[in-house]
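Source: prediction; values computed, not measured.
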Amino acid sequence: MKGRGLAIAAGAVILFLYLPIAIIVLYAFNADRAQAWPIENYTTHWFSDAFANGSVRQALLLSLQAASGATVIALLLGSMAALAVHRLRFFGREAISFVLVLPLALPGIVTGMALNATINTAGIGFSTSTIIVGHATFCVVTVYNNVIARLRRSSRSIEEASMDLGADTWQTFRHVTLPVIGTALLAGGLLAFALSFDEVIVTTFTAGTQQTLPIWIYANLQLPNQRPIVNVVAVVVILLSTIPVYLAQRIASDSGGPGSRS
């Protein structure tokens, strides 16, 4: 009886979380432009209309470029920061670890405002690069958390053995350290990509007049004629965000590691 109650509770939580998403998916196949329930006729032609839309394709390309760039930066900076914090002993080490994680906890609108003010003050001009840098500020955290968690569970004895056998620092990193943290890097990179791809608030402050896919959805949501295409684009965003998160979860589970949190 107790087990059945827990199962019902778990099902209720899942229903609460995913029912709105399921409704959006159903509306993407609604033959009528108006969102009325129940749906009487279903069609797939809105998908072809969406992919034929030039602004949607441009927004998708920009989202992919921004997410890819932010992921590369996050992998480089996040892994280096994790290695430095874990391997070195210095004053303020714990404070640096806290500062590295803080951007993920800060409200996105605060981060966006700070980045916007910095960009304007420096006179850089808004571009794809400013979006990438903006996204990297919080994507670094996911990589850092994954890598440092893996390092904390690994033994340094294998690295010491490698050095004792004559390997230099680079050889030890390449043949010993990198294989140890490899799956953590992959999982962190996938999570960083997903976070960047569907980000809205920071993008609003760093994109200027450009539109990523989530920004395109927000801009066209109130236009009745665009609502069916918006629903289709929303489904695409859901899929392209869910796939890397699922893969990251599987990688972390198979390697015995955590997700994005240490």
Side-chain angles (χ1 to χ4, degrees), residues 14 17-30 43-75 78 104 108 112 127-143 145-146 183-207 210-221 226-254 259-261:
I14 292 173
L17 292 174
Y18 290 100
L19 181 60
I21 296 176
I23 291 174
I24 286 295
V25 173
L26 288 175
Y27 274 136
F29 295 93
N30 185 12
T43 183
T44 59
H45 79 267
W46 299 123
F47 284 83
S48 60
D49 287 353
F51 291 115
N53 189 305
S55 61
V56 171
R57 293 199 304 271
Q58 290 178 357
L60 173 60
L61 179 60
L62 180 59
S63 289
L64 292 173
Q65 289 175 338
S68 299
T71 300
V72 171
I73 293 175
L75 286 170
L104 195 62
S127 64
T128 304
S129 297
T130 57
I131 300 175
I132 291 173
V133 171
H135 288 191
T137 59
F138 55 84
C139 288
V140 167
V141 182
T142 63
V143 176
N145 278 345
N146 275 270
T183 53
L185 283 171
L186 182 57
L190 288 168
L191 288 173
F193 184 92
L195 280 174
S196 174
F197 186 82
D198 62 12
E199 210 289 323
V200 176
I201 300 176
V202 172
T203 311
T204 302
F205 287 92
T206 58
Q210 299 179 102
Q211 289 186 332
T212 59
L213 215 53
I215 296 298
W216 185 93
I217 291 175
Y218 183 76
N220 289 270
L221 187 61
Q226 290 286 77
R227 183 61 63 86
I229 296 179
V230 168
N231 291 332
V232 170
V233 175
V235 171
V236 172
V237 171
I238 291 170
L239 288 174
L240 293 180
S241 300
T242 301
I243 291 172
V245 172
Y246 171 76
L247 292 175
Q249 191 274 336
R250 287 297 302 272
I251 291 169
S253 297
D254 293 342
S260 62
R261 303 283 181 174

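- Contact check for Val56 versus Phe51: no side-chain heavy atoms found under the 4.5 Å cut-off.
- The two residues Ala28 and Trp46 make their nearest non-hydrogen contact at O-CD1, 3.8 Å.
- With hydrogens and angles disregarded, no donor-acceptor distance shorter than 3.5 Å links the side chain of Gln226 to the backbone of Val230.
- Contact check for Leu190 versus Val245: no side-chain heavy atoms found under the 4.5 Å cut-off.
- Interatomic distance, Gln65 CD to Ile132 CD1, rounded to the nearest 0.5 Å: 7.5 Å.
- The two residues Ala52 and Arg57 come nearest to each other via the heavy atoms O-NH1, 3.1 Å.
- Between Phe193 and Phe197, the ring-plane angle classifies as parallel under the 30° and 60° cut-offs.
- Side-chain N or O atoms of Ser63 include none that pairs as donor or acceptor with a backbone N or O of Thr212 at under 3.5 Å.
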Steps toward side chain to side chain contact (heavy atoms under 4.5 Å, CB included) verdict (Ile131, Leu62): CA-CA 9 Å; Ile131 300 175; Leu62 180 59; 4.1 Å; yes
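- Of the inter-residue distances, the one linking Ser196 atom OG with Leu191 atom CG reads 12.5 Å to the nearest 0.5 angstrom.
- Taking the side chain as every heavy atom from C-beta outward, Leu185 and Asn146 never approach each other to under 4.5 Å.
- Put simply, the side chain of Thr130 gets close to the backbone of Ser127: a donor and an acceptor are under 3.5 Å apart.
- Residue Leu186 holds its CG atom at 8.0 Å from CG of Leu247, rounded to the nearest 0.5 Å.
- In this structure, Ala50 and Val232 approach most closely via the heavy-atom pair CB-CG1, 3.7 Å.
- Minimum interatomic distance between Gly108 and Val202 (heavy atoms only, all atoms of both residues): O-CG2, 3.7 Å.
- The closest donor-acceptor contact from the side chain of Asn30 to the backbone of Leu26 lies at 3.5 Å or more, if one exists at all.
- Within the model, atoms CD of Glu199 and CD1 of Ile215 stand 7.5 Å from one another, a figure rounded to the nearest 0.5 Å.
- Under the 4.5 Å side-chain criterion, counting only non-hydrogen atoms from C-beta, Leu221 is in contact with Arg227.
- Here the straight-line distance linking atom CD1 of Ile238 with atom CD1 of Ile243 works out to 12.0 Å at 0.5 Å rounding.
- Across all non-hydrogen atoms, the minimal contact from Ile251 to Ala187 is CG2-CB, 4.3 Å.
- By the neighbour-count criterion of 12 heavy atoms within 6.0 Å, atom OH of Tyr218 is sparsely surrounded, having that number or fewer from other residues, nucleotides or ligands.
- The two atoms that bring Ile229 and Asn53 nearest to each other are CD1-ND2, 4.4 Å, heavy atoms only.
- Between Val233 and Leu213 there is a side-chain heavy-atom pair separated by less than 4.5 Å.
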